[in-house]
Amino acid sequence: MSFVVAIDGPAGTGKGTVTEILSKKLKLINIDTGAMYRCVTLDMLNKNVGLEDIDKIKEILDTIKIDLEDSKKVILNGEDVTSKIRSKEVTTLVSQVSSIKEVRFAMAGLQRKMAENMSVIMEGRDIGTYVFPTADVKIYLDADVEERAKRRYKQNQEKGIDMSYEDILENIKKRDENDKNKEIGALKVAQDAHVIDTTKMTIKQVVKQIEKIIKDKQKQIKLLERIYSIRPETKWKKFVRKLTKGFLSGLYHIGYRIKINGKVPDEGSYIICANHINYLDAAAIVLLNKRMIHFVAKEDLFRFRILNWLAHLFDIIPIKRDMQDMEAMKRCLKTLKSGELLGIFPEGTRKGLEKTGKAKNGAAYMAIKTGTPVIPVGIHGSFKPFTKVYINYGEPINLKEYQGKDKEKIDEATKLIMDKIVMLTKKEN
Ligand code: DC
């Protein structure tokens with residue numbers, strides 16, 4: 001899987017330096033896309049190809065070989081051009097070259113290829129907006145133009161490149177103008193980019209800030225992987241689940257006086273819909289049932305390690321709240337299609353009916369869509385230790401007569417399910 005950090009911004013904002021430090025610190029492959037446009041420009045200068053000569057430019061693009069493997073060296077067609085691409089001639093022409101449509105398409109293609117299945121940090125102008133609009137992290141570095149010119153002047157002096165401060169300032173201003181007005185891949189701030197003004201910041205401060213953003217994102221990706229990765233059913237998983245189920249249901253029987261009325265049929269696909277008092281009721285249904293029930297639970301549950309382990313052991317389906325979670329829906333439908341049991345709290349959250357007065361219609365929707373009967377369950381009890389807890393299973397409800405995509409019909413079916421559940425919560429025998 002690839003991981004892409006896009007660092008965009010105008011010339012002289014410190015993109016190059018910051019990117020190099022971060023690539024080493026975080027073991028990301030460093031791709032300086034500006035160097036690639038400089039290589040095309042140098043090749044054109046070497047071959048005396050003008051800006052208008054599109055056919056010759058295309059020839060160059062077809063055969064050009066750019067190697068940025070070692071972030072310090074730039075190899076163009078086998079030759080080390082690291083300092084040549086920073087020359088005044090290249091710097092003056094590169095912005096115009098990078099405005100040519102054919103050049104942009106070719107370079108963006110190359111850049112995407114370079115990042116395939118890699119973890120990269122890519123600096124340029126249009127990485128977060130055009131080359132990788134879905135980059136994992138987008139940073140936009142900015143700074144006052146005079147400050148940027150000063151930095152570039154100092155950098156050039158260190159590299160032995162002869163260009164006056166005035167020339168650099170003029171050149172940067174021109175390039176800014178040109179970069180921002182390109183037909184394709186213009187320099188602009190991506191909507192979801194973190195904008196950092198580096199005018200008064202040291203390199204160290206900028207690095208620290210970006211490093212934190214990247215690390216937070218990596219943590220978030222890991223967490224999502226932990227939640228959403230599907231752990232396949234194995235003999236070992238079955239064995240551990242059996243042991244865990246035995247142990248936890250034993251604890252349940254010690255902690256509460258459980259009374260179960262009715263049951264789930266031994267075979268066939270059903271949607272188990274229950275009222276939701278607290279976290280212990282879902283566990284009661286799963287643990288005290290002979291058959292495996294794939295319960296749907298909000299993804300927050302998976303954030304705690306031990307609960308995450310248990311949730312994967314019992315194949316709980318994570319669902320994102322407050323949005324239509326298509327992935328969760330697909331997993332639910334797959335469960336029903338394979339003849340298994342799906343568990344849902346139509347209230348959506350604990351004591352949902354009390355809080356919102358409205359049940360969610362996902363269960364009814366899936367029941368109608370797949371023709372699966374719903375088993376209403378009423379749970380009654382305070383869940384205080386050693387008190388009675390009633391789990392009352394009702395008769396399966398067939399929702400065939402509600403078929404059709406009509407939202408009103410689904411709402412009606414949801415109401416029917418909830419009414420049955422509420423009736424069952426009152427039954428104490
Ligand atoms: O970052 P740099 O100064 O080495 O970039 C050289 C030129 O290349 C710059 O004028 C803008 C252009 N460029 C671009 O258009 N798109 C990129 N992704 C990177 C650079």
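Whatever order the structure lists them in is the order used to number ligands and atoms, beginning at 1. This is a predicted model, so every value here is computed, not measured. Values reported hereafter were calculated over all heavy atoms of this structure, with side chains retained and with hydrogens, waters and symmetry mates removed.
- Atoms of ligand 1 found under 4.0 Å from any heavy atom of S98 (numbered from 1 in listed order, with element): 12 (C), 15 (O).
- The shortest contact between atom 3 (O) of ligand 1 and any protein heavy atom is with R175 NH1, 2.8 Å.
- A side-chain donor from one of N178 and S99 sits under 3.5 Å from a side-chain acceptor of the other.
- Here the closest non-hydrogen pair linking G16 and E123 is CA-OE2, 3.1 Å.
- Inspection of the R152 and T91 side chains reveals no N or O donor paired with an N or O acceptor under 3.5 Å.
- In this structure, R112 does not pair ionically with E116, as no charged nitrogen and carboxylate oxygen lie closer than 4.0 Å.
- Of the protein's non-hydrogen atoms, K182 NZ, 2.7 Å is the one closest to atom 15 (O) of ligand 1.
- In this structure, atom 20 (C) of ligand 1 lies nearest to the protein heavy atom G34 CA, 3.5 Å.
- Counting the atoms of ligand 1 from 1 in the order shown, those under 4.0 Å from a heavy atom of R86 are 4 (O).
- Against a heavy-atom cut-off of under 4.0 Å, G124 is close to the following atoms of ligand 1: 17 (C), 18 (N), 19 (C).
- Nearest to atom 2 (P) of ligand 1 among the protein's heavy atoms is R125 NH2, 3.6 Å.
- Numbered from 1 in the order shown, with element, the atoms of ligand 1 that lie under 4.0 Å from a heavy atom of S95 read 10 (O).
- The N/O atoms of T33, backbone and side chain alike, include one that comes under 3.5 Å of an N/O atom in ligand 1.
- At least one N or O atom of R104, backbone or side chain, sits closer than 3.5 Å to an N or O atom of ligand 1.
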- Query: Does the pair K159 and S83 meet the rule for a side chain to side chain donor-acceptor pair (under 3.5 Å), with working shown?
  - Reply: CA-CA 8 Å; K159 287 183 181 163; S83 41; over 6 Å; no
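- Cation-pi geometry between K222 and F3 is not satisfied (NZ or CZ under 6.0 Å from the ring centre, within 45° of the ring normal).
- Contact record, A135 with A6: CB-CB, 4.1 Å, taken as the closest heavy-atom pair.
- Ring centers of F345 and F295: under 6.0 Å apart, within the cut-off.
- Of all atoms in ligand 1, listed by their number and element, those nearer than 4.0 Å to a heavy atom of V94 are 6 (C), 7 (C), 8 (O).
- Taking distance alone, with nitrogen or oxygen atoms compared against 3.5 Å, R38 approaches ligand 1 more closely than that limit.
- In terms of polar-atom proximity, defined here as any N/O pair under 3.5 Å, K15 makes no such contact with ligand 1.
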